[in-house]
Amino acid sequence: MFLHLVRASAAHAIPRPMPRPILRVALAALLLLTLAVAAACGGGGDGGQDVTQGLTPSEILARSADAATAAGPFRIALTVQGTVDVTRPDALPSGLGQLLNGQIDITGEGPVDPPDRASIDATAKVSRIGLQVNLTRVGDNVYVGILGQDFKLDLPPEQVALLDFGDLYPTLAGWTTDPAEAGREDIDGTSTVKITGTLDPAKALGDLGPVLGATGDVTPAEARRALQEGTAEFWIGTGDLLPRRVHVVLRGDGRGVVDGVGAIDLDLTADFTDWGQQVDIPEPQDARPLDPSGLGGLVG
């Protein structure tokens with residue numbers, strides 16, 4: 001566009017010869033200025049162009065999931081609050097019952113390099129215990145850093161797979177039905193379109209059930225009884241279709257679906273930044289092996 005304006009102006013100007021060295025300098029300056037204008041307009045994929053125009057809410061949500069999958073590394077900031085009523089802690093695998101029961105208040109932030117690298121520094125209050133922890137996944141290995149010591153957790157593959165933070169957004173988008181546009185908002189200076197929807201109980205519990213130790217397939221009727229409320233809000237960049245924020249509310253009752261789990265009331269917010277920026281996530285050294293069931297005893 002800048003070059004087009006220059007050419008249009010030049011068409012009405014009186015031509016004058018320019019010394020070749022000065023011409024080179026002028027062309028170099030013009031090139032740099034053009035690149036600077038392009039960067040200012042298109043940096044981060046959010047420069048003025050609204051690529052959501054003409055798309056339905058369903059198309060925006062689906063394309064944002066594809067964009068997030070293709071974008072590569074990012075940073076995530078998570079907040080999870082709520083309660084889980086674990087009626088039989090021993091019924092859940094790998095010590096999850098002891099750790100999840102009661103009030104949950106977790107905030108965490110860190111880099112993610114999909115599909116299998118992440119390092120999240122978190123402040124957690126779980127079952128009335130306050131903790132400063134680091135959770136790191138490198139390939140098939142999962143580590144938790146606590147009290148100045150790194151521990152390598154012995155987790156089954158299905159729980160390691162749960163720690164794919166890169167799949168968090170596409171999974172939540174895939175659970176969402178009846179998406180609708182709910183306005184336009186700026187998130188940290190980025191123009192976004194807000195999409196709201198409800199979570200499909202069968203899809204959500206079909207994914208979460210095996211991780212929590214559910215046996216057998218969950219029928220649609222059981223899923224609807226178990227997931228009494230499931231809502232999702234997505235803030236998607238209008239210039240690049242990349243997610244900037246997602247907010248999910250889950251309320252239900254796990255009885256009859258997951259053995260040992262009663263009432264569930266969870267509120268999750270995730271913010272996504274620094275899309276496509278390379279990150280370094282090293283594997284902790286000198287980590288001690290630890291069965292997850294020993295985490296409760298470790299912190300008293």
Side-chain angles (χ1 to χ4, degrees), residues 61 64-65 68-69 74-86 92 96 99-112 114 118-127 130-131 133-135 137 142 144 158-159 161-179 182 185 187-188 192 194-212 214 223 226-236 242-254 257-258 261-273 275:
L61 190 59
S64 74
T69 300
F74 60 92
R75 288 189 67 86
I76 190 171
L78 280 165
T79 300
V80 183
Q81 295 178 320
T83 57
V84 176
D85 179 19
V86 179
L92 271 68
L96 282 178
L99 294 174
L100 290 179
N101 191 33
Q103 187 73 30
I104 296 174
D105 186 353
I106 300 172
T107 58
E109 182 176 6
V112 178
S119 181
I120 309 298
D121 290 319
T123 300
K125 183 177 287 186
V126 182
S127 298
L131 304 170
V133 301
N134 171 270
L135 180 67
R137 179 187 176 187
V142 177
V144 61
E158 63 271 18
Q159 289 186 30
L162 182 65
L163 298 175
D164 181 359
F165 290 95
D167 198 43
L168 173 64
Y169 180 83
T171 296
L172 292 174
W175 290 353
T176 303
T177 61
D178 302 321
E185 297 180 21
I187 301 294
D188 295 329
T192 70
K194 183 179 179 181
I195 302 294
T196 62
T198 57
L199 301 185
D200 184 305
K203 289 182 179 179
L205 292 177
D207 286 343
L208 291 176
V211 177
L212 295 174
L227 188 59
Q228 297 159 357
E229 178 184 351
T231 60
E233 299 172 295
F234 304 87
W235 288 261
I236 298 165
L242 286 170
R244 295 316 196 274
R245 177 174 296 163
V246 60
H247 175 226
V248 173
V249 174
L250 288 171
R251 294 190 177 93
D253 193 332
V257 176
V258 179
V261 175
I264 300 172
D265 186 342
L266 293 175
D267 187 304
L268 177 147
T269 299
D271 286 293
F272 304 89
T273 58
W275 284 103

Chemist: Where do Ala270 and Leu78 come nearest, in terms of heavy atoms and distance?
Modeler: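 It is CB-CD2, 3.6 Å.
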
Chemist: What are the two closest heavy atoms between Ile76 and Phe272, and how far apart are they?
Modeler: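 Between these two residues, the closest heavy atoms are CD1-CE2, 3.8 Å.
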
Chemist: Can you see which heavy atom on Gly230 is nearest to which on Leu250, and at what distance?
Modeler: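 Closest approach of Gly230 to Leu250: CA-CD2, 4.4 Å.
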
Chemist: So do Lys203 and Trp175 actually touch side chain to side chain, heavy atoms under 4.5 Å?
Modeler: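 Heavy-atom side-chain distance check passes, below 4.5 Å.
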
Chemist: Taking atom types as modelled and ignoring hydrogens, do the side chains of Asn134 and Ser119 form a donor-acceptor contact shorter than 3.5 angstrom?
Modeler: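 Present: a donor and an acceptor within the cut-off.
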
Chemist: Is the distance between the ring centroids of Phe74 and Phe165 less than 6.0 Å?
Modeler: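 Not under 6.0 Å, so no.
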
Chemist: If you take all heavy atoms of Ala68 and Pro243, which pair is closest and at what distance?
Modeler: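 Closest pair (atom of Ala68, atom of Pro243, distance): CB-CD, 3.9 Å.
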
Chemist: Measure the OG1-CG distance between Thr198 and Leu227 for me, rounded to the nearest 0.5 Å.
Modeler: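 One gets 9.5 Å once the value is rounded to the nearest 0.5 Å.
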
Chemist: Would you call Leu242 and Ser64 a side-chain contact if the rule is heavy atoms closer than 4.5 Å?
Modeler: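 No, side chains not in contact.
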
Chemist: Quick one: does Arg244's side chain get under 4.5 Å of Ile236's, heavy atoms only?
Modeler: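 Side-chain contact under 4.5 Å: no.
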
Chemist: Can a donor-acceptor pair be found, under 3.5 Å and without considering hydrogens, that links the side chain of Thr192 to the backbone of Glu185?
Modeler: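 Answer holds: yes.
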
Chemist: Name all residues meeting the side chain to side chain donor-acceptor pair (under 3.5 Å) criterion together with Thr79; count only those two or more places apart in sequence or in a different chain, and write none if there are none.
Modeler: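 Once residues adjacent in sequence are excluded, Thr79 has no partner under the side chain to side chain donor-acceptor pair (under 3.5 Å) criterion.
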
Chemist: Got a donor-acceptor contact below 3.5 angstrom from the Thr176 side chain to the Leu199 backbone?
Modeler: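 No, because the side chain of Thr176 does not come within donor-acceptor range (under 3.5 Å) of the backbone of Leu199.
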
Chemist: For the atom pair CD1 (Ile187) and NZ (Lys194), what is the distance rounded to the nearest 0.5 Å?
Modeler: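 The CD1 atom of Ile187 sits 9.0 Å away from the NZ atom of Lys194.
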
Chemist: Which value, rounded to the nearest 0.5 Å, describes the distance between Ile120 atom CD1 and Ile106 atom CD1?
Modeler: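 Taking CD1 in Ile120 and CD1 in Ile106, the distance rounds to 12.0 Å.
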
Chemist: Specify the closest pair of heavy atoms between Gly166 and Pro170, including all atoms of both residues, with the distance to one decimal.
Modeler: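 It is O-CD, 3.5 Å.
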
Chemist: Asp167: what forms a side chain to side chain donor-acceptor pair (under 3.5 Å) with it, not counting sequence neighbours?
Modeler: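 Side chain to side chain donor-acceptor pair (under 3.5 Å) check on Asp167 returns Thr171.
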
Chemist: Would you say that Glu229 contacts Val249 through its side chain, given a criterion of any heavy-atom pair below 4.5 Å between the two side chains?
Modeler: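 Heavy-atom side-chain distance check passes, below 4.5 Å.
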
Chemist: Does any part of the side chain of His247, heavy atoms only, come nearer than 4.5 Å to the side chain of Trp235, both counted from C-beta?
Modeler: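 The answer is yes; the side chains approach within 4.5 Å.
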
Chemist: About how many Å separate CD1 of Ile264 and OG1 of Thr83, when rounded to the nearest 0.5 Å?
Modeler: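 One gets 9.0 Å once the value is rounded to the nearest 0.5 Å.
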
Chemist: Calculate, to the nearest 0.5 Å, the distance between atoms CD and CG belonging to Gln81 and Asp267 respectively.
Modeler: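 CG of Asp267 is found 6.5 Å from CD of Gln81.
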
Chemist: Any non-hydrogen side-chain atom of Leu163 less than 4.5 Å from a side-chain atom of Leu135?
Modeler: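 The answer is yes; the side chains approach within 4.5 Å.
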
Chemist: Would you please test Gln228 and Asp253 for side chain to side chain contact (heavy atoms under 4.5 Å, CB included) and show each step?
Modeler: CA-CA 7 Å; Gln228 297 159 357; Asp253 193 332; 3.8 Å; yes

Chemist: Compare all side-chain heavy atoms of Val142 with those of Val144 and state whether any distance is below 4.5 angstrom.
Modeler: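 SC-SC contact between Val142 and Val144 ruled out.
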
Chemist: Could you pull out all residues at least two apart from Asp271 that satisfy side chain to side chain donor-acceptor pair (under 3.5 Å)?
Modeler: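 Scan of Asp271 (side chain to side chain donor-acceptor pair (under 3.5 Å), adjacent residues dropped) gives Arg245.
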
